[in-house]
Enquirer: 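This is the structure, below, for whatever I ask next.
All of these numbers come straight from a predicted model, not from anything done at the bench. Along the sequence shown, residues are numbered consecutively beginning with 1.
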Amino acid sequence: MVHDRRSALSSYVSGLLSAGRTVFTAEEAEQAIGVGRGAFLDAAERLQRREALLSPRRGFYVVVPPQYGSWGGPPPAWYIDALMRHEGHAYYVGLLKAAELHGATHQAVMEFQVVSDKRLPKIRAGRNLIAFYFRKNIEAVTAGTEGRKTDTGKMRISSAALTALDLLRYPQAAGGIDAVATVLLDLGQKIDPEQLTALSALVERPVAQRLGHLLEHLGHDALTGSMLESLQARGSLPWTELDRQEERDPDFEPEVRQRDPRWRVIVRRVPEPDE
C-alpha cells in the first residue's frame, strides 16, 4: 500500500511535467491520487529527498525536471507567479533581477529579487535564493509593472523606470551606490521619461532626487527635465544625502565633496560605476 502511494505521487508528478506543468498544491495532489494529508506528505518527502520535488512554501510544490536536478530546482521565474498567487500577495520581480531582464547585465545577480506587499523571509530553493523586499503601496505602482513570458508561463516585473527608482529605494539590494550607478549606465537607455515622471510622484522625494542626480551624472539628462519639474511642484526640495550609508559610517571621512543645487543632493564621494 505504501509503495502504491509513492508510485501514485511519482506518476502524478511525471504527468504534470509531461503536460508542461511544474507546480501543484498539496490539495490538488491529494485529490488527484486519492490519499490523505499524512500519506501525501510521506510520499512528497521521499520525492524531495530524491531531489525530484521542491517545496518553497508549505503546501506548494515545484517539480524538478531532470536537467535541474543538480541545482535542486528550476529557475524561480518558472514558478514565482504561481507561488505568489498561492500566498495571496501582490508582487513584482524587481531590482537587479529586473534590470538584468531589461538588458542591464553589468552586475552579477546573486539572488532572485521580488518586491511584495508583505514582509516575507527569504527562500532557499535548491541553489537559488529568492529575496523579498517590502513595499506597502505596491498597488500604487502597478502602472510601473509589466508582464513577461517565462518558459512555463508568465511573471510580473518592474519597468525600467520603476526598477531605477527601486534601486535607490533599496540600495542594499544592489550592493551599494557604485553598483547602482553601474546598472543605471545601461538601464537609463530603457527608461520611459513620462513613466519616470509619473512614478517619481509616488515615491519618497529623496529617492527621486538621488535618482535624478545620478541619471544626470551618468549622462541621461534627457530623462530628468519633467521629473524635476514634477518634484518641485510638490514643494521645496529638502537636502538629502546621495548615500546614507556613507554618512552613517564612523570610518568614513564625512567631508562633503559637492552639493548639487539642482537636485539638492549632498555628495560625499562621487560614485564610480564599473564600465
Enquirer: State, to 0.1 Å, how close Leu231 and Trp263 come at their nearest heavy-atom pair, and which atoms those are.
Expert: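 In terms of heavy atoms, the two residues are closest at CD1-CZ3, 3.7 Å.
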Enquirer: Minimum heavy-atom separation for Val183 to Ala104, with atom names?
Expert: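 Smallest heavy-atom distance, with atoms named: O-CB, 3.9 Å.
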Enquirer: Just so I know, are the side chains of Arg264 and Arg259 near enough to count as touching, which here means a heavy-atom distance under 4.5 Å?
Expert: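 No - every pair of side-chain heavy atoms lies 4.5 Å or more apart.
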Enquirer: Just wondering, more than 12 heavy atoms not from Arg127 lying within 6.0 Å of its CZ?
Expert: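 Check passes, neighbour count above 12.
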Enquirer: Might you confirm whether atom CD of Gln67 has over 12 heavy atoms from other residues, nucleotides or ligands at distances under 6.0 Å?
Expert: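 Counting neighbours around CD of Gln67, more than 12 heavy atoms of other residues, nucleotides or ligands fall under 6.0 Å, so yes.
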Enquirer: Identify the two heavy atoms, one from Ala98 and one from Thr163, that lie closest to each other, and give their separation to 0.1 Å.
Expert: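 Closest approach of Ala98 to Thr163: CB-OG1, 3.5 Å.
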Enquirer: Taking atom CE of Met155 and atom CG of Leu101, what is their separation to the nearest 0.5 Å?
Expert: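 So the gap between those two atoms works out to 5.0 Å.
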Enquirer: I need the minimum non-hydrogen distance between Asp117 and Phe134, along with the two atoms involved.
Expert: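 In terms of heavy atoms, the two residues are closest at O-CE1, 3.3 Å.
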Enquirer: Thinking salt bridges, do Glu45 and Arg50 make one under a 4.0 Å N-O criterion?
Expert: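 Looking at Arg50 together with Glu45, the answer is no, because their closest N to O distance does not fall below 4.0 Å.
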Enquirer: Should Ser230 and Ser200 count as side-chain neighbours, where that means a heavy-atom distance under 4.5 Å?
Expert: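 Side-chain contact under 4.5 Å: no.
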Enquirer: Any salt bridge linking Lys122 with Glu111? Criterion: basic side-chain nitrogen under 4.0 Å from a carboxylate oxygen.
Expert: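 Salt bridge flag = yes for Glu111 with Lys122.
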Enquirer: Could you tell me whether Asp81 and Arg148 have a side-chain N and a carboxylate O separated by less than 4.0 Å?
Expert: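 Salt bridge absent between Asp81 and Arg148.
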Enquirer: Is the shortest side-chain heavy-atom distance between Thr224 and Arg262 below 4.5 Å?
Expert: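 Yes, side chains in contact.
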Enquirer: Under 3.5 Å, is there a donor on one side chain and an acceptor on the other for Ser159 and Gln195?
Expert: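 Yes, a side-chain donor-acceptor pair sits under 3.5 Å.
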Enquirer: List the steps and the verdict of salt bridge (Lys or Arg N to Asp or Glu O under 4.0 Å) for Arg37 and Glu27.
Expert: CA-CA 8 Å; Arg37 178 56 56 94; Glu27 290 78 8; 3.2 Å; yes
Enquirer: Any salt bridge linking Glu241 with Arg210? Criterion: basic side-chain nitrogen under 4.0 Å from a carboxylate oxygen.
Expert: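 Salt bridge flag = no for Arg210 with Glu241.
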Enquirer: Side chain to side chain donor-acceptor pair (under 3.5 Å) with Tyr92: which of Arg156, Arg135, Glu146?
Expert: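 The option that passes is Arg135.
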Enquirer: Hey, are the side chains of His102 and Ile157 touching, using non-hydrogen atoms and a 4.5 Å cut-off?
Expert: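 Of all side-chain heavy-atom pairs linking Ile157 with His102, at least one is under 4.5 Å.
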Enquirer: Identify the heavy atoms of Pro271 and Leu242 that sit nearest to each other, and give their distance.
Expert: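 Heavy-atom minimum between the residues: CG-CD2, 3.7 Å.
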Enquirer: For Arg49, does the CZ atom have more than 12 heavy-atom neighbours from other residues, nucleotides or ligands under 6.0 Å away?
Expert: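 Above 12, so yes.
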Enquirer: Answer whether the closest heavy-atom distance between the side chains of Gln48 and Ser55 falls below 4.5 Å.
Expert: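 In contact.
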Enquirer: Between the side chains of Ser226 and Thr197, does any donor sit under 3.5 Å from an acceptor?
Expert: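 A donor-acceptor contact under 3.5 Å links the two side chains.
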Enquirer: Does a side-chain heavy-atom distance below 4.5 Å link Met84 with Leu120?
Expert: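 Of all side-chain heavy-atom pairs linking Leu120 with Met84, at least one is under 4.5 Å.
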Enquirer: Over 60° means perpendicular and under 30° means parallel, so classify the ring planes of Phe24 and Tyr61, tilted if in between.
Expert: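 Aromatic pair Tyr61/Phe24 classed parallel.
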Enquirer: Grab the two heavy atoms, one from Thr182 and one from Asp274, that are nearest each other, plus how far apart they are.
Expert: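 Closest pair (atom of Thr182, atom of Asp274, distance): OG1-N, 2.8 Å.
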